[in-house]
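Single-structure report; data block below.
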Amino acid sequence: WNAAEATGSGTGVLGDTKTFETTYSGGTYYLWGQSRGEGIKTHHAKNASYTSPKLPGTLISSTTNTFTDGAAVDAHAYAEKVYDYYKLVHGRNSYDGNGAAIVSSVHVGRSWNNAAWIGTQMVYGDGDGMTFRPLSGDLDVVAHELTHAVTDTTADLIYQNESGALNESMSDIFAAMVDSDNWLIGEDVYTPNIPGDALRSMSDPAAYGDPDHYSKRYTGNEDNGGVHINSGINNKACYLIAQGGTHYGVTVTGIGRDKTAKIYYRALTVYLHPSSTFADMRQAAVQAATDLYGASSPEVQAVKNAYTAVGVN
Ligand SMILES: Cc1cccc(C(=O)O)c1OC(=O)C1CC1
Ligand SMILES: [Ca+2]
Ligand SMILES: [Zn+2]
């Protein structure tokens, strides 16, 4: 009995209609795309915890090839978009560069205000409806999570203190490169009753209480040593490299999103290592920009000025 490739459609978390790859087998259509690497599969966790052996759960199906589970539709369609970004822009075949299958589970936990890469797959909570709505409903969340998998298979940045903040920042950076119409993270699913806010801002980390200068870094033990807090320092540097600006009196001439993405992709995949610090990050970005654009290029100058602007020398 063959598993035939098909094109399904469905409604996302925000009520928008989208199409995506499905597979037809035995009279049923499944959220299983076969054309990208070893495939993209989206499962229903039925409220199992992210630590449960029941994951990934049941492959989501429909008898009509129309899907009404918004969280599932978005997890699946956005996984395709993130796969395509890494393949087309960076020549990377899936998160491991070797076409690894991309597996997601939605409806993980109960009212769970979280999303994660658990080492083998992506998991998405439904949110409690106040802090979050279903978290796969934002393209930058899906890109953030899948980038954790890219990081784990490349620099493998240790998830605590400065290397952990860089790990988090890499995920925010590529989230912003994929969801490329703003520098906010999570804005489509965060606080559904409050318009215009976000979980984090790369253009102004301080808008959400995160540091935008190394001198303001968090040095406590919360959040694995502030991995989601101190990410703001590197996020701001990335924003300045792309868009330019004057920050604490230091002026950066922006080089645009596309060149910035190439610099960070090369830094992540060639130069960063598990215990990299913020100082290592500056050197990795300078070296990547030098490799790509030349030592005396405006791109290298932008990288140097941006890291100086956020207090990393
Ligand atoms: C919502 C959430 C909670 C805890 C960890 C993460 C995590 O993946 O680090 C998380 O997801 C994000 O940060 C995505 C970008 C919005
Ligand atoms: Ca965004
Ligand atoms: Zn993260």
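Order of listing sets the numbers, starting from 1, for every ligand and every atom in it.
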Hey, would you say the [X] and [Y] ring centroids sit under 6.0 Å apart?
X     : Y      : answer
Tyr30 : Tyr24  : no
Tyr85 : His90  : yes
Tyr50 : Trp112 : yes

Which angle, to the nearest 10 degrees, do you find at the Zn ion (ligand 3) between NE2 in His148 and NE2 in His144?
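Taking the Zn ion (ligand 3) as the apex, I get 100° for this pair.
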Any side-chain heavy-atom pair from [X] and [Y] closer than 4.5 angstrom?
X      : Y      : result
Tyr264 : Arg266 : no
Thr22  : Thr7   : no
Cys238 : Met202 : yes

Hey, is Glu80 close enough to Lys18 for a salt bridge, meaning N to O under 4.0 Å?
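Result for this pair is no, no salt bridge flagged.
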Distance from [atom] to nearest protein heavy atom, with residue and atom:
atom                    : result
atom 11 (O) of ligand 1 : Glu145 OE2, 3.1 Å
atom 10 (C) of ligand 1 : Ala115 O, 3.6 Å
atom 1 (C) of ligand 1  : Leu135 CD2, 3.7 Å
atom 16 (C) of ligand 1 : Leu199 CD2, 3.5 Å
atom 13 (O) of ligand 1 : Arg200 NH2, 2.9 Å
atom 5 (C) of ligand 1  : His228 NE2, 3.5 Å
atom 4 (C) of ligand 1  : Asn114 OD1, 3.2 Å

Please report the interatomic distance CG(Asp74) to CG(Asp188), rounded to the nearest 0.5 Å.
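Reported value, rounded in 0.5 Å steps: 9.5 Å.
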Looking at ligand 1, does any of its N/O atoms fall within less than 3.5 Å of an N/O of Asp172?
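Looking only at distances, the answer is no, because the N/O contact criterion of under 3.5 Å is not met.
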Backbone, side chain, both or neither: what part of Val227 comes under 4.0 angstrom of ligand 1, heavy atoms only?
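Neither; nothing of Val227 gets under 4.0 Å from ligand 1.
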Per-atom contacts of ligand 1 with Tyr159, taking only distances under 4.0 Å to non-hydrogen atoms
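In order of number, 9 (O).
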Suppose I only count heavy atoms of Val141 and a 4.0 Å limit; which atoms of ligand 1 are within that range?
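In order of number, 16 (C).
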If you draw a 6.0 Å radius around CG in Asp181, do more than 12 non-hydrogen atoms from other residues or ligands fall strictly inside?
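Counting neighbours around CG of Asp181, more than 12 heavy atoms of other residues, nucleotides or ligands fall under 6.0 Å, so yes.
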Is it true that, when you exclude Asp84 itself, more than 12 heavy atoms of the residues, nucleotides or ligands shown sit nearer than 6.0 Å to its CG?
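For Asp84, atom CG is crowded (more than 12 foreign heavy atoms under 6.0 Å).
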Is there a heavy atom of Trp112 sitting under 4.0 angstrom from any atom of ligand 1?
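Outside the 4.0 Å threshold, so no.
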Tell me which N, O or S atom of Asp179 sits nearest to the Ca ion (ligand 2).
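Within Asp179, restricted to N, O or S, the Ca ion (ligand 2) is closest to atom OD2.
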Arg282, His213, Met281 screened by side chain to side chain contact (heavy atoms under 4.5 Å, CB included) with Val312, the one that passes
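Passing option: Arg282.
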Taking the Ca ion (ligand 2) as the vertex, what is the angle from O of Leu184 to OE1 of Glu187, given to 10 degrees?
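O of Leu184, the Ca ion (ligand 2) and OE1 of Glu187 span an angle of about 70°.
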Look at the rings of Tyr86 and Phe174 and say which category their plane angle falls in: under 30° parallel, 30 to 60° tilted, over 60° perpendicular.
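Ring orientation, 0 to 90° scale: tilted.
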What is the ring orientation for Tyr239 with Trp183, classed by angle as parallel under 30°, tilted 30 to 60°, or perpendicular over 60°?
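Because their plane-to-plane angle is over 60°, the rings of Tyr239 and Trp183 count as perpendicular.
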Has His228 got an N/O/S atom less than 2.8 Å from the Zn ion (ligand 3)?
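No, outside the cut-off.
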Check whether any N, O or S atom of [X], backbone or side chain, sits closer than 3.0 Å to the Ca ion (ligand 2).
X      : result
Asp181 : no
Asp138 : no
Trp183 : no
Asp140 : yes

Have a look at Glu168 and say which of its N, O or S atoms is nearest the Zn ion (ligand 3).
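This turns out to be OE2.
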